[in-house]
Q: 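Attaching a single structure in structure tokens format; questions to follow.
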Amino acid sequence: GAVVSQHPSRVICKSGTSVKIECRSLDFQATTMFWYRQFPKQSLMLMATSNEGSKATYEQGVEKDKFLINHASLTLSTLTVTSAHPEDSSFYICSAGRDGQGALDTQYFGPGTRLTVL
Amino acid sequence: QKEVEQNSGPLSVPEGAIASLNCTYSDRGSQSFFWYRQYSGKSPELIMSIYSNGDKEDGRFTAQLNKASQYVSLLIRDSQPSDSATYLCAVAGGTSYGKLTFGQGTILTVHP
């Protein structure tokens with residue numbers, strides 16, 4: 001298999017608080033993990049690429065100080081939404097790239113985290 | 001021009017019919033092509049990957065790639081109501097090596 005988990009699956013928080021989302025590859029090692037955001041009726045938008053042991057690479061328009069990414073091991077990446085506001089409410093999805101499978105680009109997605117900021 | 005474009009949909013087909021989903025991409029250097037299925041409120045699930053020109057079959061699904069025309073398609077044979085979902089075309093390689101660029105998705109409805 002190629003199982004990716006996310007925790008929590010759903011979170012509701014007050015405006016101004018920080019929320020941490022964990023992404024784990026359960027049965028393989030992932031040098032690279034990706035964080036996406038999806039608003040209702042829209043496609044996935046890549047926020048950042050997370051590489052184990054190095055700083056994340058953020059896409060244009062994504063605030064790196066607001067969306068903190070840590071990829072401390074080959075099976076875990078975390079996304080922290082700092083000082084969350086209602087406009088940050090979205091579906092956050094991580095994916096993990098499975099190396100050595102003949103296609104580095106193949107990504108397996110976690111189940112997603114639905115964030116609601118009140 | 002969007003980097004990855006899918007036929008706008010929504011697409012509605014009767015149960016048992018063939019559903020045809022299309023996707024074009026702008027980066028001629030793209031090397032990897034994927035179809036994901038996404039049910040409402042869920043994350044995408046990989047259905048097919050294709051890297052070479054031609055057809056690739058997996059059960060009821062056939063992916064077709066034509067790099068000269070920068071075109072990739074997905075055929076679903078014997079469509080079932082459980083196939084009703086949003087189908088996302090994703091492309092990687094070229095100028096976005098290692099990253100996926102998604103199309104906007106096509107909503108497919110298979111009615112009994």
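The shown structure was predicted, so the numbers you read here are calculated from the model rather than taken from an experiment. Lettering follows sequence order; numbering is per chain, from 1.
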Q: Test of understanding: clusters of I, L, V, M, F, W, Y form through side-chain heavy atoms closer than 4.5 Å, transitively. Do A/Tyr58 and B/Phe102 belong to the same one?
A: no

Q: Go through the steps for B/Leu100 and A/Tyr36 under the test side chain to side chain contact (heavy atoms under 4.5 Å, CB included), then give the verdict.
A: CA-CA 10 Å; B/Leu100 289 177; A/Tyr36 295 84; 3.7 Å; yes

Q: Decide if atom NZ of A/Lys20 counts as having more than 12 heavy atoms of other residues, nucleotides or ligands within a radius under 6.0 Å.
A: no

Q: Between A/Leu46 and chain B, with a heavy-atom cut-off of 4.5 Å, which part of the residue counts as in contact: side chain, backbone, both or neither?
A: side chain

Q: Would you say the side-chain atoms of B/Ser43 pair up with the backbone N or O of A/Gly112, donor to acceptor, closer than 3.5 Å?
A: no

Q: Got more than 12 heavy atoms from elsewhere within 6.0 Å of CE, A/Met45?
A: no

Q: Take atom NE2 in B/His111; do more than 12 heavy atoms of anything else shown fall under 6.0 Å from it?
A: yes

Q: Decide if atom NZ of A/Lys66 counts as having more than 12 heavy atoms of other residues, nucleotides or ligands within a radius under 6.0 Å.
A: yes

Q: For a quick test of reading the model, state the closest non-hydrogen atom pair linking A/Phe91 to B/Gln38 and the distance between them.
A: CE2-NE2, 4.4 Å

Q: How far does OG1 of A/Thr32 sit from NZ of B/Lys99, to the nearest 0.5 angstrom?
A: 12.0 Å

Q: Please tell me whether B/Gln104 and A/Gln42 have a donor and an acceptor in their side chains that are separated by less than 3.5 angstrom.
A: no

Q: So what's closer than 4.5 Å to chain B heavy atoms on A/Gln6: side chain, backbone, both or neither?
A: neither

Q: Which heavy atom in B/Tyr36 sits nearest to a heavy atom in A/Gln107, and how many Å separate them?
A: OH-O, 2.8 Å

Q: For B/Glu45, is it the side chain, the backbone, both, or neither that has a heavy atom closer than 4.5 Å to a heavy atom of chain A?
A: neither

Q: Is there a continuous path of hydrophobic side-chain contacts, each under 4.5 Å between heavy atoms, that joins A/Val4 to A/Tyr92?
A: no

Q: State yes or no: do A/Trp35 and A/Leu74 share one hydrophobic cluster built from I, L, V, M, F, W and Y residues joined by side-chain heavy-atom distances below 4.5 Å, directly or via other members?
A: no

Q: Using a 3.5 Å distance criterion without hydrogens, assess whether the side chain of A/Ser43 forms a donor-acceptor pair with backbone atoms of B/Gly103.
A: yes

Q: Applying the 4.5 Å side-chain criterion to the ILVMFWY set and letting contacts propagate, would B/Met48 and B/Tyr87 be lumped into a single cluster?
A: yes

Q: Rounded to the nearest 0.5 Å, what separation is found between the OG1 atom of B/Thr86 and the NZ atom of A/Lys41?
A: 9.0 Å

